[in-house]
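Accompanying notes for the structure given below.
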Amino acid sequence: MMAGAGRLSFTNITALAPMVRVGTLPMRLLALEYGADVVYCEELIDIKMAQCHRVVNEVLDVVDFVAPDDRVMFRTCEREKDRVVFQMGTADPDRALIVARLVEKDVAAIDVNMGCPKEYSTKGGMGAALLSDPDKIEAILKKLVTGVSIPVTCKIRILPSLEETVSLVRRIEKTGVTAVAIHGRLKEERPRHPLHCDYIQAVARAVSIPVIANGGSLDLVKTNADIEEFRKATGASSVMLARAAMWNASVFCNTGPLPLERVMEDYLKYAFQYNNHVFNTKYCLCQMLRDKVESPLGKQLQAAQTNAEISEAYGLQEFYQQTQDQLRAKRDVLQSFTQP
Ligand code: FNR
């Protein structure tokens, strides 16, 4: 496989981690705007993705992957094309390749989730269940590496011993993946448990592909400056942030944090512009509000049933209306081309 000029690099980058429901298009664009180098989408399950068809939405200027029930499973756009990593949940090499080929032209890399400890993932042999089946890991990654022309990566958790962890990542490296992200916790451990930076460090020393350190939010990474400290503490090439970015994506800004109100407003502008599903928008804003979710704003947000109502809660009615008018005008122009 030739390394093309535009191939996404995972060396010395800061990434938005994959997060179910959080890592949809508005959050990814916001993270990029604030300074993230790479953005992962939420984990999408191979079986569901394999049923999707690719639709170009000219009004929104996006590419959608739409399920048979018309649900948009994955929405992406030109702005993130060179930076977005498509993360999938899979336990089947053939199906993984079908999905990777489906999205290959629209994303910058493919990632396989090997760290999710939730039952819905592990019961199908996906996520963290893969960690105890290295033959399956190898089969999936080899199939993807040889079958697509964009970088392939995976995201793992650590194994009970340092030796096992290093040996697994060495085996992963041999499959030809471009990078590996390591959440430095065991699959049984929860986010409140301390991170095993020493494991990430040992792996980073043992392999030559970039290692992306993950798991530092809350304790180790609170500010932009902490990202570099975390990188140093783990000896990794790169850093990936989930919760710190979900709470306030301006953690990616190297000019300092922005107030949450501003971050929510910036987020909402993308959500309106790209017609994000109202429930997803609400979910993300509630995550940002954290303990303020019962505040008057939080209550108004929770009561909102439409994007228009959310815009009222945030005093963004004018922006919302303008965006709607622009989209309507674009739709009319496009329709006038297609109608006889
Ligand atoms: C996650 N995480 C996760 N991991 C993954 O590989 N695929 C996914 O879809 C998700 N989904 C997800 C949703 C939410 C809301 C959270 C908080 C986390 C795990 C995440 O990527 C990361 O590994 C951990 O949160 C640890 O990193 P931080 O939060 O300490 O930066």
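Each ligand, and each atom within it, is numbered from 1 in the order the structure gives.
Residues F10 and I227 do not share a hydrophobic cluster, defined by chaining ILVMFWY side chains whose heavy atoms lie under 4.5 Å apart.
The protein heavy atom nearest to atom 2 (N) of ligand 1 is P18 O, 3.6 Å. Among protein heavy atoms, atom 25 (O) of ligand 1 sits closest to A242 CB, 3.4 Å. With hydrogens left out, the protein atom closest to atom 18 (C) of ligand 1 is M19 CG, 3.9 Å, a heavy atom. Scanning the protein heavy atoms around atom 28 (P) of ligand 1, the nearest turns out to be S217 OG, 3.3 Å. In this structure, atom 22 (C) of ligand 1 lies nearest to the protein heavy atom N214 OD1, 3.2 Å. For atom 13 (C) of ligand 1, the closest non-hydrogen atom on the protein side is V20 N, 3.3 Å.
A donor-acceptor contact closer than 3.5 angstrom links the side chains of D111 and T153. Side-chain atoms of Y270 and R79 include a donor-acceptor pair closer than 3.5 Å.
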Q: List the steps, then state whether salt bridge (charged side-chain N to carboxylate O under 4.0 Å, His left out) holds for D61 with K330.
A: CA-CA 10 Å; D61 235 340; K330 203 164 162 197; 3.8 Å; yes
Q: Evaluate the criterion salt bridge (charged side-chain N to carboxylate O under 4.0 Å, His left out) for residue pair R262 and D266; output intermediate values, then yes/no.
A: CA-CA 6 Å; R262 161 80 191 277; D266 289 349; 3.0 Å; yes
Q.
Assess the residue pair M27 and Y267 against the criterion (side-chain contact (heavy atoms from CB on, under 4.5 Å)); give the C-alpha distance rounded to whole Å, side-chain angles, the decisive distance to 0.1 Å, and a yes or no.
A. CA-CA 7 Å; M27 180 58 87; Y267 171 84; 4.2 Å; yes
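Taking every heavy atom of L241 and a limit of under 4.0 angstrom, the matching atoms of ligand 1 come to 31 (O). Residue contact check: N113 has heavy atoms under 4.0 Å from atoms 5 (C), 6 (O), 7 (N) of ligand 1. Each of the following atoms of ligand 1 lies closer than 4.0 Å to a heavy atom of A17: 21 (O).
Within the 4.0 Å heavy-atom shell around ligand 1 one finds G215. Put simply, no part of A244 is less than 4.0 Å from ligand 1, judged by heavy atoms.
Looking at R243 against ligand 1, both its backbone and its side chain come within 4.0 Å, counting heavy atoms. At a 4.0 Å heavy-atom cut-off, ligand 1 touches Q87 through the side chain alone. At a heavy-atom distance under 4.0 Å, only side-chain atoms of K155, from C-beta outward, approach ligand 1.
Side-chain contact check for Q302 versus C286: some heavy-atom pair is nearer than 4.5 Å.
Between the side chain of Y34 and the main chain of A245, no donor-acceptor pair closer than 3.5 Å is present. A side-chain donor-acceptor contact under 3.5 Å links S295 to the backbone of G298.
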